Amino acid sequence: MLTVRSRRAALAMVAAAGLFGTVAVPAAAQAADAGARHHRTVDLQLLAINDFHGNLEPPAGSSGTVREIDPATGRPVNTPAGGVEYLATALRQAREAADDSITVAAGDIVGASPLTSALFHDEPTIEAMDKLGLDVTSVGNHEFDHGAQELLRLQNGGCHPVDGCYEKGRKFRGANFNYLSANVTDENTGEPLLPPYWVTKSQGVKIGFIGVTLEGTPNIVTAEGVKGLKFANEVTTINKYAAELKEQGVNSIVALIHEGGYPASSVYNYDCGPAGQGISGPIVDIAKKIDPAVGAIVTGHTHNAYACTIPDPNGVPRSVTSAASFGRLFTQIDLKLDKSTGTIVRPSVKAENHIVRRTLPKAEDMSELIARYSKLAAPIANRPVGYIASDINGRGSSDLEKPLGDLIADAQLEGLAPADKGGAQVAFMNPGGIRSDLVYKAAGSEGDGVVTYGKAFTVQPFTNMMQVKTLTGAQLIQLLQQQVSGGNTGAPKILQVSKNLSYTLDMRKTGADRVLVDSVRLNGAPIDPAAKYRVAANEFLATGGDGFPALAAGTDKLVGVSDLEVLVAYLGAHSSAAAPLKAPAQDRIKVIGPGSDID
């Protein structure tokens, strides 16, 4: 199955199959087998991003910074980064000196997006990706937030089935880049939802890109979002299609995987040390099992930054990279393609992350795009809904208990506590659902400390409906234990809790033992295993998402308003210009031993 490429963006200065009349320039001879033979090679540059999440405007607060070492002091500093106006400029500049360049991504280009993109069902982000020259991307879990049909609409075009077109005379044309989903199949037909791979040429050499999302997508997306779909193992799928590509004479292969790892350092250009010993997480095992014919692996999902080498099944180092998230970084991967064998010359692969600095000139076409959609969104986005005294960190917090997580859980408890709203006695919030910080500094003309609807939406963009369920005390304890056991053993997901619940986590222990059961208190009293408690959570979490089957087992479900509505109501009720809301004290979860941002 040799897929037909839709295009290679002209601004990428491509030299594929003579499309733009570019003459291939042979690079210096490369010893592909430790000096035994010499082949002519050509140079190909890959520019990679991941987890953009519709962040057209520069992400605010700590979510909009990158950790780097200050050359003057040798100490780590946080540098402001990101924004599609700067990303477009950075990518265009990177292409200028390249013989050939292909721009790729590893999923979650859209989904969980700020209001400027999300209000228009992420059409602005698709348009922006086309303008900056994205060629191909794997599908991420967030591309399934609104179901398979919406993903297909983003690829193929057409107005939204409910909201229609947003501007008179403008019809959404769909993505001009290629979405790939090799391991996502229709459960009835077994056919891939989207093409499994994309093949193009670089200066006469065929190169194929295989795209997969994480096998565990159904555990972190609503059931409706993945209805009718199956998600296969990443390694099995990539190896299957790598073999198919090789049969077609495509011997240069790159994998785009929406799954990632956890590097030992938060510095943006961390190389993971010898043999990739400085990185953990699912991508390590995946990378070690993927067919050696795959010459480079571009990853995502964990929002971390790394440019590693991890041994392939033959023990040969192979490039594995990730460019953090939100367009704050891009990865430059330099390859040499052997014109005789059509393979990627593995020792030649060099990968480096680059910061998208806000000192770059803004790309005018991106500024115009943002201005157009911001004007359409302004009546909704700029409405003040509350006031804060300082930054309230959520996504950017490295603590297991996050100030913004506390605030959200309190808002959910207050909103769902009335008897006619569900009678909630405690509330839980999944950390991955907190998509940003609440930032004190004004984003526009609203003034410092003002929380606009747009800012609140950026924090909770899913608009998940709230649910209240009945759990026994024993199930409530199981819920806490499931944060650090079962599917969450390797990468704990610490739920954010309302102010009336407290307990101790001992991170020196393992599995469920990390929760010290005797320390759990609700309204100051121990949990009675036989008693019944009304528990509030968003619908994703309440249906067992993120590995919490104890919540899925709850009974007497009552569905309420959206999580965003209860947050907005709480901000309005508890803050004013004269009395802005302060950040919660983070005194609900006592952590013994190491704690880190591991959601």
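Here the structure is a predicted model, which means the values were calculated and not measured.
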Please lay out, stage by stage, how His142 and Phe462 fare under the test ring-ring contact (aromatic ring centres under 6.0 Å, His included).
CA-CA 10 Å; His142 280 285; Phe462 300 113; 5.4 Å; yes
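- Checking side-chain atoms of Ser575 against main-chain N and O of Gly572 turns up no donor-acceptor pair under 3.5 Å.
- Around CD of Glu364, the count of heavy atoms belonging to other residues, nucleotides or ligands within 6.0 Å does not exceed 12.
- At a threshold of 4.5 Å between non-hydrogen side-chain atoms, the residues Leu91 and Phe330 count as touching.
- Residue Tyr268 forms a side chain to side chain contact (heavy atoms under 4.5 Å, CB included) with just one option from Ile69, Asn353, Asn304, and that option is Asn353.
- At distances below 3.5 Å, not a single donor-acceptor pair connects side-chain atoms of Thr65 with backbone N or O atoms of Gly61.
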Test Asp312 against Arg346 for salt bridge (charged side-chain N to carboxylate O under 4.0 Å, His left out), laying out the working first.
CA-CA 11 Å; Asp312 70 11; Arg346 185 79 69 76; 3.1 Å; yes
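- Contact annotation: the side chain of Pro492 never approaches that of Gln483 to less than 4.5 Å [non-hydrogen atoms, C-beta and beyond].
- Judged as a side chain to side chain donor-acceptor pair (under 3.5 Å), and not counting sequence neighbours, Thr309 has no contacts.
- Between Lys402 and Asn393 there is no side-chain heavy-atom pair separated by less than 4.5 Å.
- What you find for Ala112 and Arg435 is that their closest heavy atoms are CB-NE, 3.4 Å.
- Within the structure, the side chain to side chain donor-acceptor pair (under 3.5 Å) test picks out the following pairs touching residues 112-122 (sequence neighbours left out): Glu57-Thr116, Ser113-Asp122, Ser117-Asp122, Ser117-Thr125, His121-His160, His121-Asp163, His121-Tyr166.
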Should Phe177 and Met129 be marked as a side-chain contact (heavy atoms from CB on, under 4.5 Å) after you check the CA-CA gap, both sets of side-chain angles, and the distance that decides it?
CA-CA 8 Å; Phe177 56 86; Met129 291 296 110; 3.5 Å; yes
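- Taking a cutoff of 4.0 Å between a charged side-chain nitrogen and a carboxylate oxygen, Asp43 and Lys336 qualify as a salt bridge.
- Lys289 meets the side chain to side chain donor-acceptor pair (under 3.5 Å) test with Asp285; sequence neighbours excluded.
- For Thr299, the side chain to side chain donor-acceptor pair (under 3.5 Å) test picks out Tyr306, with sequence neighbours left out.
- Distance alone, capped at 3.5 Å, places no donor-acceptor pair between the Gln460 side chain and the Phe457 backbone.
- Under the 3.5 Å distance criterion, with hydrogens and angles disregarded, a donor-acceptor pair is assigned to the side chains of Ser202 and Asp100.
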When you look at Ser62 and Asp437, which way does the side chain to side chain donor-acceptor pair (under 3.5 Å) test go after all the steps?
CA-CA 7 Å; Ser62 56; Asp437 303 333; 2.4 Å; yes
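- Counting heavy atoms from C-beta on, the side chains of Tyr503 and Lys590 never come closer than 4.5 Å.
- A distance of 10.5 Å separates CD in Glu96 from CD in Gln45, rounded to the nearest 0.5 Å.
- Side-chain atoms of Arg358 come within 3.5 Å of backbone N or O of Ala81 as a donor-acceptor pair.
- Residue Asn78 holds its CG atom at 9.0 Å from CD of Glu68, rounded to the nearest 0.5 Å.
- Sorted by first then second residue, the side chain to side chain donor-acceptor pair (under 3.5 Å) pairs that include residues 447-457, not counting sequence neighbours, are Glu446-Lys455.
- For the side-chain hydrogen bond (donor to acceptor under 3.5 Å, both in side chains) test with Tyr373, the passing option among Glu123, Glu127, Glu368 is Glu127; the others fail.
- Listed for the Gln93 side chain is no donor-acceptor partner under 3.5 Å among the backbone atoms of Ala90.
- A 4.5 Å side-chain heavy-atom check between Val349 and Ile333 finds at least one atom pair inside the cut-off.
- For the pair Asp391 (side chain) and Tyr440 (backbone), a donor-acceptor distance under 3.5 Å is present.
- Looking only at atom types and distance, the side chain of Asp51 has no donor-acceptor partner in the side chain of His301 under 3.5 Å away.
- Of the possible donor and acceptor atoms, none in the side chain of Ser63 sits under 3.5 Å from a partner among the backbone N and O of Pro59.
- Inspection of the Thr79 and Arg328 side chains reveals no N or O donor paired with an N or O acceptor under 3.5 Å.
- At least one donor-acceptor pair under 3.5 Å links the side chain of Asn538 to the backbone N or O of Leu541.
- Contact annotation: the side chain of Ile370 approaches that of Val84 to within less than 4.5 Å [non-hydrogen atoms, C-beta and beyond].
- No side-chain donor from either of Asn50 and Asp108 sits under 3.5 Å from a side-chain acceptor of the other.
- Proximity of a side-chain donor or acceptor of Asp271 to a complementary backbone N or O of Gly273 within less than 3.5 Å is detected.
- In terms of heavy atoms, Leu47 sits closest to Arg95 at CD1-CG, 3.7 Å.
- Looking at residues two or more places apart in sequence or on another chain, you find a salt bridge (charged side-chain N to carboxylate O under 4.0 Å, His left out) between Asp406 and Arg588.
- Without hydrogens or angle criteria, Asn488 side chain to Asp546 main chain gives a donor-acceptor distance under 3.5 Å.
- Pairing each heavy atom of Ala106 with each of Thr137, the nearest pair is N-OG1, 3.9 Å.
- Interatomic distance, Ser348 OG to Leu337 CG, rounded to the nearest 0.5 Å: 8.0 Å.
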Verify side-chain contact (heavy atoms from CB on, under 4.5 Å) between Leu480 and Phe548, making sure each step is shown before the conclusion.
CA-CA 9 Å; Leu480 294 175; Phe548 291 99; over 6 Å; no
Please step through side-chain contact (heavy atoms from CB on, under 4.5 Å) for the pair Ile257 and Ile297, ending with a clear verdict.
CA-CA 7 Å; Ile257 307 176; Ile297 300 172; 3.6 Å; yes
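- With hydrogens and angles left out, the side-chain atoms of His303 and His53 include a donor and acceptor closer than 3.5 Å.
- Using modelled atom types and a 3.5 Å distance limit, the side chains of Asp563 and Gln412 yield no donor-acceptor pair.
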Could you please spell out the steps behind the side chain to side chain donor-acceptor pair (under 3.5 Å) verdict for Gln586 and Asp399?
CA-CA 9 Å; Gln586 296 174 263; Asp399 297 323; 3.0 Å; yes
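- Atom-to-atom distance recorded for Ser319:OG and Leu46:CG is 9.0 Å, nearest 0.5 angstrom.
- For the pair Ser138 and Val212, the minimum side-chain heavy-atom distance is 4.5 Å or more.
- No side-chain heavy atom of Ile494 sits under 4.5 Å from any side-chain heavy atom of Glu401.
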Report the C-alpha separation of Glu215 and Glu234 in whole Å, then their side-chain angles, then the decisive distance to 0.1 Å, and conclude whether the side-chain contact (heavy atoms from CB on, under 4.5 Å) test is met.
CA-CA 6 Å; Glu215 183 180 4; Glu234 303 94 337; 3.6 Å; yes
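- In this structure, CG in Leu567 is found 6.5 Å from CG in Leu407, a value given to the nearest 0.5 Å.
- With ring centers used as reference points, Phe326 lies 6.0 Å or more from Phe52.
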